[in-house]
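Presented below is the structure to which this report refers.
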There are 2 protein chains.
Amino acid sequence: MPRAADPAVRLALVETAAELLARREPVTARSLADRVGTSTTALYTHFGGMPGLWRAVRNEGFVRLGRRLAAVPRTDDPVRDLAALGAAYLDSARADPFLYRAMFDAAADLEEPAVADDAFALLVEAADRARRAGRLAEASDPLAVATCYWAGGHGLAMLVVTGVLPAEALALHGPELAVAALVAAGDEPGRCRASVLAGWSGAGARDPGPTTPG
Amino acid sequence: MPRAADPAVRLALVETAAELLARREPVTARSLADRVGTSTTALYTHFGGMPGLWRAVRNEGFVRLGRRLAAVPRTDDPVRDLAALGAAYLDSARADPFLYRAMFDAAADLEEPAVADDAFALLVEAADRARRAGRLAEASDPLAVATCYWAGGHGLAMLVVTGVLPAEALALHGPELAVAALVAAGDEPGRCRASVLAGWSGAGARDPGPTTPG
DNA sequence: CGGGGTGATGTGACGTTGTTATGTAACACC
DNA sequence: GGTGTTACATAACAACGTCACATCACCCCG
């Protein structure tokens, strides 16, 4: 029937937008079309307009974040794993701050809401493992624990990304926030601190900066 | 010598911007000029352009936030006061979410950085009172405690304001986050929980919505 | 008390943004 | 191989932030 839409153009538009974001260059319909080698019309056939492109960019951001979190190894210490997830999360925001901001400009509006849910599920699952391992209170709700944990990390990330706190605040307050959330959930303070510090130094702060596949 | 700039116009522009923000209506140079009854040029004499106007709007947002936090009464239980401050903070974000978003779009770029510092200082001072009262660890740093406390509150507020979490999450996770931060800082869990719940129900959730003086 | 100069303000125009109407060309199906 | 449907390029449109220019109000000084 119709002429098929070129999926490569769609991919190029999203990836180019992410690249411009990482370069701190303006992301406009024309700058995208020029770099990709198409016209601004392609943007409308694939995304319906700029809001649709941003939705796709946020989606891609959560896909990349999910990949990073999924790459965090699972050890037999779930609290350590939670800390490693937190470090990887904050490092993700630090490595590509403009993408992080774009993601949370409207994080509830994604092409595939599942990609954000999947990333968050890694947190919930780790919290549940910690609970089943006896590290957290038996009555603790892994979803609530993960939500508080995430809220703290997101708040710290946003304050750094928007320039309110210096970049060092991530390494300074990140572990402290993690320990707070997990001790509140039932972990024993001394043991929690040890696990968190182990997980933090073991995983975080590895990424040199924003990367664009290609 | 010269013709003096009308301070009333300046005030009207900032307050009108805040009002449009609260009404979820677009804040453009022309819509502002029309509503205030001037031309777009006034925007340039007073603020140098739209970025300058946004800087003034953020400033006004922090002034209002500071007023709200300063209105929180001081009791002889500093942990309860910290909870009341947290409740007032989150209620502020809930009452005027678009202003809150605008404030933290570039919270480090204000006309008078002191207004944000002053608001934050209320938190630090309460944390210090808690420490001196023996509720927090002697070695705890009030600044670090306040920063973690703020990061958690800001993260929760942003997740709600951007639609990721429902509005109920504020009352659901707010006290939990507060308890976590303060127990981690040294308070005794049971006593902390009681103080936080008392402070939260005593102060928060009072504002009916965004208000515009005049 | 009246000119002169300084600066705020209104008018109109410019470049850029997102968006869309129109024409064209390429693909899938009969 | 013809036909219809759809993606894409071109070009125009409305709205945005911004700025050059002209105008006017005000304050100091003679």
Side-chain angles (χ1 to χ4, degrees), chain A residues 1-60 98-99 101-103 105-106 109-111, chain B residues 1-60 98-99 101-103 105-106 109-111:
Chain A
M1 332 204 242
R3 174 181 173 188
D6 190 353
V9 171
R10 186 195 154 90
L11 202 77
L13 284 169
V14 174
E15 288 184 353
T16 302
E19 187 184 339
L20 290 178
L21 227 37
R23 289 181 191 271
R24 291 153 172 70
E25 293 176 19
V27 179
T28 73
R30 284 170 177 80
S31 72
L32 277 176
D34 286 354
R35 281 182 77 98
V36 173
T38 66
S39 177
T40 58
T41 320
L43 219 143
Y44 286 81
T45 64
H46 287 283
F47 305 105
M50 283 301 285
L53 172 86
W54 285 114
R55 182 162 33 228
V57 168
R58 290 191 295 270
N59 211 84
E60 173 66 17
F98 278 60
L99 178 59
R101 290 191 67 165
M103 283 162 63
D105 217 56
D109 183 22
L110 303 177
E111 290 179 339
Chain B
M1 332 239 234
R3 176 179 173 189
D6 189 353
V9 171
R10 187 194 153 89
L11 203 76
L13 283 170
V14 174
E15 289 183 352
T16 301
E19 186 184 338
L20 290 178
L21 226 36
R23 290 182 191 271
R24 290 154 172 70
E25 293 176 19
V27 179
T28 74
R30 284 171 177 83
S31 72
L32 277 176
D34 287 353
R35 281 183 76 99
V36 173
T38 67
S39 176
T40 59
T41 320
L43 220 143
Y44 286 80
T45 64
H46 287 283
F47 306 104
M50 282 300 284
L53 171 86
W54 285 115
R55 182 163 30 230
V57 168
R58 290 191 295 270
N59 211 83
E60 172 67 16
F98 278 61
L99 178 59
R101 289 192 66 165
M103 284 162 63
D105 218 55
D109 182 22
L110 303 176
E111 289 180 340

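Letters go in sequence order (proteins before strands), and every chain restarts at 1.
Residue Leu32(B) contributes atom CG, which lies 17 Å from atom P of dA15(D) at whole-angstrom precision. Computed from coordinates, the His46(A) NE2 to dT6(D) P distance equals 15 Å when rounded to whole Å. Per the geometry, CG belonging to Leu53(B) stands 15 Å off P belonging to dC16(D), to the nearest Å.
Residues Trp54(A) and Val9(B) both approach DNA chain C. Their nearest nucleotides, taken by heavy-atom distance, put Val9(B) toward the 5′ side.
Residue pairs meeting the salt bridge (Lys or Arg N to Asp or Glu O under 4.0 Å) criterion with at least one member in residues 39-56 of chain B, sequence neighbours excluded, are Arg55(B)-Asp109(B).
With sequence neighbours excluded, the residues forming a salt bridge (charged side-chain N to carboxylate O under 4.0 Å, His left out) with Asp105(B) are Arg101(A), listed by chain and number. Every residue two or more places apart in sequence or in another chain that forms a side chain to side chain contact (heavy atoms under 4.5 Å, CB included) with Phe47(A) is listed here: Arg10(A), Leu13(A), Val14(A), Leu53(A), Ala56(A), Glu111(A).
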Extract all donor-acceptor atom pairs below 3.5 Å that involve side chains of residues 35-45 of chain A and protein atoms in other chains or at least two apart in sequence.
from, atom 1, to, atom 2, distance (Å)
Arg35(A), NH2, Glu19(A), OE2, 3.2
Thr45(A), OG1, Ala42(A), O, 2.9

Study note, to complete from the structure: Readout for nucleotides 18-23 of chain D: B = base within 4.0 Å of protein heavy atom, S = sugar-phosphate only, - = neither; 5' to 3' it is BB----
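Atom OG1 of Thr16(B) is separated from atom CD of Glu25(B) by 11.0 Å, given to the nearest 0.5 angstrom.
Look at Thr45(A) and you'll find a side-chain N or O under 4.0 angstrom from OP1 or OP2 of dC8(D).
Closest approach of Pro26(B) to Ser31(B), counting heavy atoms only: O-OG, 3.3 Å.
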